[in-house]
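Following: one structure in structure tokens, then a few remarks.
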Amino acid sequence: MLYDILIIGGGIAGMTSALYAKRNNKNVLIIEKEAFGGQIASSPKVENFPTIQSISGLELSDRIFTQITEYGVDFELDTVVSLKKENDIFTVITVYGEYQSKTVVIASGVEHKTLRIPGEEDLVGKGISYCAVCDGPFYKGEEVVLVGDGNTALQYALLLSEYCSKVKVCTLFDRFFGDESHVTALMKKDNVEVIQNVATVAFEKDNSGLTGVVFENRIDKSRFTIATKALFVAIGQIPDNDIYSSLADLDKYGYILSDENCTTKTEGLFVAGDCRVKAVRQLTTAAADGAVAALNACNYILKHVDLWK
Ligand SMILES: Cc1cc2nc3c(=O)[nH]c(=O)nc-3n(C[C@H](O)[C@H](O)[C@H](O)COP(=O)(O)OP(=O)(O)OC[C@H]3O[C@@H](n4cnc5c(N)ncnc54)[C@H](O)[C@@H]3O)c2cc1C
């Protein structure tokens, strides 16, 4: 089957793209490698999505997913591993198959950064987590450590402070880099301790998993260990766009270069959401990109209708 529009990534950008494409009567496939909703599915609370005062990220994702499936969007749970264009047709290769489409929208978002400390990977699921919404409840009543200083770290710390006995928030510098409202809310919490100017340097563990985190004070270079069974890491995100680099230009950080029209250097290939170079990475901007990319893909199909006869 030749799809009109194939969308890589089922986050907010990808699902909004699908919504606009389907309402323009196109046959649409979304391929998502993990869970529909993308990053926002791991957010405890969203309070800046117009018309909704407060909603969990998971519920917001579910609502959009329901909306697009009711329109009849096809979807596959699979990982895209490569993309090529030959004779005006894109071939998207996944772990389990191969799909063809007249146009493609890359909406692959970003992934969480890791600390890149030896042993980290082995401790994921055994004490180290990148998602407080998903794993926080396992540590009710316990003391936990969180590393990070941006909005995600602040939101996670606030959430954990609701049910953990103590949250030690460790920051690399002497300040937070997130919204002032989150910082103010966190400072009011009795069970939150902020430890500044520290770098995570090592982990301690036993047979059951993490037992402690070793930090180094950046100023005086002294080292200390915080005993804990749970470390939440929220230190930012990175894109994963190398597989598209023959068809789309990337900047030095790996984000896809584009413009207001969400086009790339390849005709028929569009990009939407956090995976592209942009100033503001938020739900509203991801949704806006999704709409722009889909409508421009529809226009491209209309203009080049003879190509696929
Ligand atoms: C904890 C947290 C809280 C946040 N809170 C807010 C908030 O309150 N308000 C706000 O506006 N924004 C918030 N954000 C930011 C917001 O979530 C993002 O800007 C937005 O979700 C980006 O959507 P996206 O679709 O571009 O990317 P993503 O959400 O990253 O979705 C990309 C999707 O593509 C999939 N994918 C990637 N590569 C492949 C592949 N090769 N094959 C198949 N699928 C692939 C991924 O699995 C993912 O599901 C928050 C982010 C986090 C992490």
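Numbering of residues begins at 1 and proceeds along the displayed sequence. Just so you know, ligand 1 is whichever comes first in the structure, and atom 1 is the first atom listed for that ligand.
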Heteroatom proximity flag, [X] to ligand 1, N/O under 3.5 Å:
X      : value
Gln237 : no
Ala13  : yes
Leu283 : yes
Asn48  : yes
Ala272 : no
Glu47  : no
Glu32  : yes
Asp274 : yes

Whether [X] side chain and [Y] backbone form a donor-acceptor pair below 3.5 Å:
X      : Y      : result
Asp251 : Tyr253 : yes
Thr228 : Glu143 : yes
Thr200 : Phe215 : no

Worksheet item: atom 10 (C) of ligand 1: which protein heavy atom is closest, and how many Å away?
Response: Gln282 OE1, 3.1 Å
Worksheet item: How close does the nearest protein non-hydrogen atom get to atom 45 (C) of ligand 1, and which residue and atom is it?
Response: Lys33 CG, 3.6 Å
Discussion item. Taking atom NZ as the centre, does Lys265 end up with more than 12 heavy-atom neighbours from other residues, nucleotides or ligands that are less than 6.0 angstrom away?
Written reply: yes
Worksheet item: Non-hydrogen atoms of Phe49 versus ligand 1: any pair closer than 4.0 Å?
Response: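 So Phe49 does not count as touching ligand 1.
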Tell me which part of [X] gets within contact of ligand 1: side chain, backbone, both or neither, using heavy atoms under 4.0 Å.
X      : result
Tyr156 : side chain
Val80  : both
Ser108 : both

Discussion item. Out of all atoms in ligand 1, which are within 4.0 Å of some heavy atom of Gly38? Include the element for each.
Written reply: 29 (O), 31 (O), 48 (C), 49 (O)
Worksheet item: What heavy-atom pair brings Ser43 and Gln155 nearest, and what distance separates the two atoms?
Response: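 For Ser43 versus Gln155, the nearest heavy atoms are OG-NE2, 4.0 Å.
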Fill in: Non-hydrogen atoms of Ala13 and Gly273 that approach each other most closely
CB-CA, 3.7 Å
Worksheet item: Do the charged groups of Glu59 and Arg63 touch, with an N to O distance under 4.0 Å?
Response: yes
Fill in: Ring centre gap for Phe65 and Phe36 strictly below 6.0 Å
yes
